[in-house]
Chemist: 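Could you have a look at this structure, given as structure tokens, before my questions?
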Amino acid sequence: MFLFLLITLVVVVGAVTLAVVGGGDGGQLAEAPPDRLDDPLPADRPLDREDVEALRLPMTLRGYRMADVDDVLGRLGAELAERDARIAELEEALAGARTPGYADGKAAGGPADFEGSGS
């Protein structure tokens, strides 16, 4: 019985040694994908919907890298704040451009004054 166990042990150790030393294709390991965001967001123009939809954050053991998510959310938040400020500025300029005699979408002296004239 002891001889059988000894032969089995030698065969198993030999098989494991062959698998480790001689196994595989003999090449190098494949290049690991980067674990940092390569910042695919364009820096030279504002973001658009396609940029956000194409964004893929790298995964880590427990989810996403917090620093990458914080960077992307910070950039999106800054651009949304800038757009909101621009919209408010344009609405203010539009409100200031309206003429004083303009009320309820009809200009003073317009077609509403001629309805009862009988012409």
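Side chains are part of it too, since the values below use all heavy atoms of this structure and drop only hydrogens, waters and symmetry mates.
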Chemist: Looking at every non-hydrogen atom in both residues, tell me the closest pair between Y64 and V69 and how far apart they are.
Modeler: CB-CG2, 3.7 Å
Chemist: If you take all heavy atoms of P58 and D68, which pair is closest and at what distance?
Modeler: CG-OD2, 3.5 Å
Chemist: When rounded to the nearest 0.5 angstrom, what is the spacing between CG in L47 and CZ in R83?
Modeler: 7.0 Å
Chemist: Once you round to the nearest 0.5 Å, how far does CG of L55 lie from CG of L76?
Modeler: 8.0 Å
Chemist: Can you list the steps and then say if V13 with T17 is a side-chain contact (heavy atoms from CB on, under 4.5 Å)?
Modeler: CA-CA 6 Å; V13 168; T17 304; 4.1 Å; yes
Chemist: State the CG-CD distance between D48 and E53, to the nearest 0.5 angstrom.
Modeler: 9.0 Å
Chemist: Taking atom CZ of R45 as the centre, does the number of heavy atoms from other residues, nucleotides or ligands within less than 6.0 Å exceed 12?
Modeler: yes
Chemist: In the single-linkage hydrophobic clustering (I, L, V, M, F, W, Y; side-chain heavy atoms under 4.5 Å), do L73 and L57 co-cluster?
Modeler: yes
Chemist: Any chance you could measure L9, atom CG, to F4, atom CZ, to the nearest 0.5 Å?
Modeler: 11.5 Å
Chemist: Can you hop from L3 to V11 via hydrophobic side chains spaced under 4.5 Å?
Modeler: yes
Chemist: Is the number of heavy atoms from other residues, nucleotides or ligands within 6.0 Å of CD (E89) greater than 12?
Modeler: yes
Chemist: Any ion pair linking R75 and E79 (charged N to carboxylate O, less than 4.0 Å)?
Modeler: yes
